[in-house]
Amino acid sequence: MNDKLYTMPMGALDSMHIPAESQPQSKTRKRGASPKTYRSILYFLISLPLTIVYFVFMVTGLTLSIALTPIFIGIPLFFAVAKGLDYIVQFEQELVRSLLDIPRPIEEARSDMQLEGAGFLQRMKLGFHGAKFARNVMLIMGRFVSSIIFFSITVTVVAAALGLITLPVLHQIFLQTMDLNILENSVFALFQIDWTLSQQYISYVVAGFVVALLASWVIRMLMDVQRRMLFVSYEEGQQY
């Protein structure tokens, strides 16, 4: 009879515990947090020419692919344009994520056995998704319209804030160089408010800062609308 006592090696219990740092934790970002305002302004300013390039690429590529379909060149051209649209949407989504500090979604590593040994045209067919292609086309068309609207709103609110804040300096420059009084027919003169020039300067600067705060809020709202249009969620690894 074997009376040997089998004991668990020292440290075995400690090795069975999973450290708290290794446990997956969901990192969520507070809704309502916003990027730097100047980065959003720059984004909306450059989005208009970029969207024009996207729209021209889409329309030209699809038109040529349809026109060249009888001579077979249009079929691979169509799949190439569809892949290009997918890259464009992914680029815009990554750009918005970087501006809003949103982590990239978790991508599952998977291997498609059908792609192994397939030809070039067959690979393009297997990588094409009709629903995704239709979504990308609608996104670029909507982006073309929204970029014009967002560009106009951004330029308007930023110009109004900067104009009011720098109005006293501009008034002195025009008055000293060209003897031009741009405040001669101002709002104060219209309503017959007898304020001194210094009081008018202060009121314009205060109004400019108020408009600047309003412009910052408007730009944040526009960025949130842009995020929703591109199907980017605040939750890590989650899409709309």
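Below, all heavy atoms of this structure are taken into account, side chains as well, without hydrogens, waters or symmetry copies.
Residues Val96 and Met221 share a hydrophobic cluster, clusters being chains of Ile/Leu/Val/Met/Phe/Trp/Tyr side chains in contact below 4.5 Å. Residues Ile71 and Val81 are members of one and the same hydrophobic cluster, defined by side-chain heavy-atom contacts under 4.5 angstrom among Ile, Leu, Val, Met, Phe, Trp and Tyr. Cluster annotation: Phe151 is connected to Val56 through the hydrophobic network of ILVMFWY side chains, with a link wherever side-chain heavy atoms come within less than 4.5 Å. Hydrophobic cluster membership is shared by Trp217 and Val157, with clusters built from Ile, Leu, Val, Met, Phe, Trp and Tyr side chains linked at under 4.5 angstrom.
Judged by a 6.0 Å distance limit and a 45° cone about the ring axis, Lys83 is not positioned over the six-membered ring of Phe79.
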Exercise for review: Decide yes or no on side-chain contact (heavy atoms from CB on, under 4.5 Å) for Ile102 and Val232, but give the supporting numbers first.
Suggested key: CA-CA 9 Å; Ile102 299 176; Val232 176; 3.9 Å; yes
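Among residue pairs with one or both ends in residues 43-71, those qualifying as side-chain hydrogen bond (donor to acceptor under 3.5 Å, both in side chains) are Tyr43-Glu92, Tyr43-Arg143, Tyr54-Glu92; sequence neighbours excluded.
Of the charged side-chain nitrogens involved, at least one lies within less than 4.0 Å of a carboxylate oxygen, so that Asp224 and Arg228 count as a salt-bridged pair.
Here Phe57 pairs with nothing under the ring pair (Phe, Tyr, Trp, His ring centres under 6.0 Å) rule; sequence neighbours left out.
Aromatic pair Tyr204/His171: centroids not less than 6.0 angstrom apart. The aromatic ring centres of Phe44 and Phe150 sit less than 6.0 Å apart.
Leu95 contributes atom CG, which lies 4.5 Å from atom OG of Ser98 (distance to the nearest 0.5 angstrom). In this structure, Met229 CE and Leu139 CG are separated by 7.0 Å, a value rounded to the nearest 0.5 Å.
You'll find the side chain of Ile88 reaches within 4.5 Å of the side chain of Ile140, heavy atoms only.
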